[in-house]
Student: 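The structure under discussion is supplied below as C-alpha cells; questions concerning it will follow.
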Amino acid sequence: MKKLLLAAALLSLTACATATPGGPRADWRCDGGAAYSARINSSGAAEVFAGGQVYTLPATSAGRYSNGAVSYSDDGALGGAQGGPYTNCRRG
C-alpha cells in the first residue's frame with residue numbers, strides 16, 4: 001500500500017514538473033454573450049481558448065499575435081476564432 005501511495009505521489013510530481021509555465025490568464029467577455037480566455041506562454045506566444053478550441057498564436061508585433069487565420073491583440077480584439085464574433089470585448 002505504501003509503495004502504491006509513493007508511486008502516485010511521484011506521478012503527480014512528474015505531471016507538475018512537465019507543465020508549461022505561462023503568464024496569468026485574461027478572461028474576456030464580448031457583446032452577444034461570446035467569451036474567451038488568453039494568456040502568454042513561456043515562449044512568448046499567445047494561447048487563446050475560444051469556442052472549444054485552443055489556438056497558439058506567435059507574436060507578430062508588440063501586443064499582437066497571429067497564425068495567419070486567427071489573430072489576437074492585448075486590447076481584446078480577436079478575429080477568426082470559432083464561437084465568434086468577438087466584438088467589443090472587455091476583461092472580466
Side-chain angles (χ1 to χ4, degrees):
M1 182 67 169
K2 287 183 182 180
K3 288 182 182 180
L4 182 61
L5 290 174
L6 178 60
L10 288 174
L11 281 173
S12 68
L13 287 175
T14 302
C16 291
T18 59
T20 303
R25 185 180 76 191
D27 295 321
W28 296 89
R29 305 281 177 244
C30 310
D31 286 352
Y36 71 94
S37 298
R39 74 180 188 118
I40 307 305
N41 69 21
S42 61
S43 65
E47 292 177 349
V48 177
F49 311 93
Q53 302 287 318
V54 178
Y55 303 94
T56 301
L57 310 174
T60 57
S61 62
R64 298 188 184 279
Y65 308 84
S66 179
N67 65 5
V70 176
S71 61
Y72 164 73
S73 66
D74 289 345
D75 65 3
L78 178 63
Q82 294 290 319
Y86 298 97
T87 55
N88 195 27
C89 300
R90 303 163 298 288
R91 284 185 84 165

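In this text the structure is predicted, and so the values were computed from the model without any measurement.
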Student: Would you call L78 and V70 a side-chain contact if the rule is heavy atoms closer than 4.5 Å?
Tutor: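 Yes, close enough: below the 4.5 Å cut-off.
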
Student: For residues G83 and A34, report the shortest heavy-atom separation together with the two atoms involved.
Tutor: O-CB, 4.0 Å

Student: What's the shortest heavy-atom distance between S71 and L57, and which atoms?
Tutor: C-CD1, 4.3 Å

Student: With a 4.5 Å cut-off on side-chain heavy atoms, are V54 and V48 touching?
Tutor: no

Student: Would you say the side chain of Y55 lies within less than 4.5 Å of the side chain of Q82, judging by non-hydrogen atoms?
Tutor: yes

Student: What do the steps show when you test D31 against R90 for salt bridge (charged side-chain N to carboxylate O under 4.0 Å, His left out), and what is the final call?
Tutor: CA-CA 9 Å; D31 286 352; R90 303 163 298 288; 3.4 Å; yes

Student: Please examine the side chains of C30 and T87, heavy atoms only from C-beta on, and report whether any two atoms are closer than 4.5 Å.
Tutor: no

Student: Quick one: pull up CZ in F49 and CG in D27 and give me the separation to the nearest 0.5 Å.
Tutor: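 Output value for this atom pair is 10.0 Å.
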
Student: Only pairs at least two apart or in different chains count here, so list each disulfide (SG to SG under 2.5 Å) that has a residue in residues 41-78.
Tutor: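 Found none.
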
Student: Quick one, S66 and T60 - any side-chain contact, counting heavy atoms below 4.5 Å?
Tutor: yes

Student: To the nearest 0.5 Å, what is the distance between CD1 (I40) and CZ (R25)?
Tutor: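 Spacing of CD1 (I40) from CZ (R25) equals 14.0 Å.
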
Student: Is any side-chain heavy atom of Y86 closer than 4.5 Å to one of Y36?
Tutor: yes

Student: If I compare all heavy atoms of A81 with all of A50, which pair ends up nearest, and what's the gap?
Tutor: CB-CB, 4.1 Å

Student: Identify the two heavy atoms, one from A26 and one from R91, that lie closest to each other, and give their separation to 0.1 Å.
Tutor: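 The pair with the smallest heavy-atom distance is CB-NH2, 3.2 Å.
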
Student: Looking at side-chain heavy atoms only, is the closest gap between D74 and Y65 below 4.5 Å?
Tutor: yes

Student: I need the minimum non-hydrogen distance between A35 and R29, along with the two atoms involved.
Tutor: CB-NH1, 3.2 Å

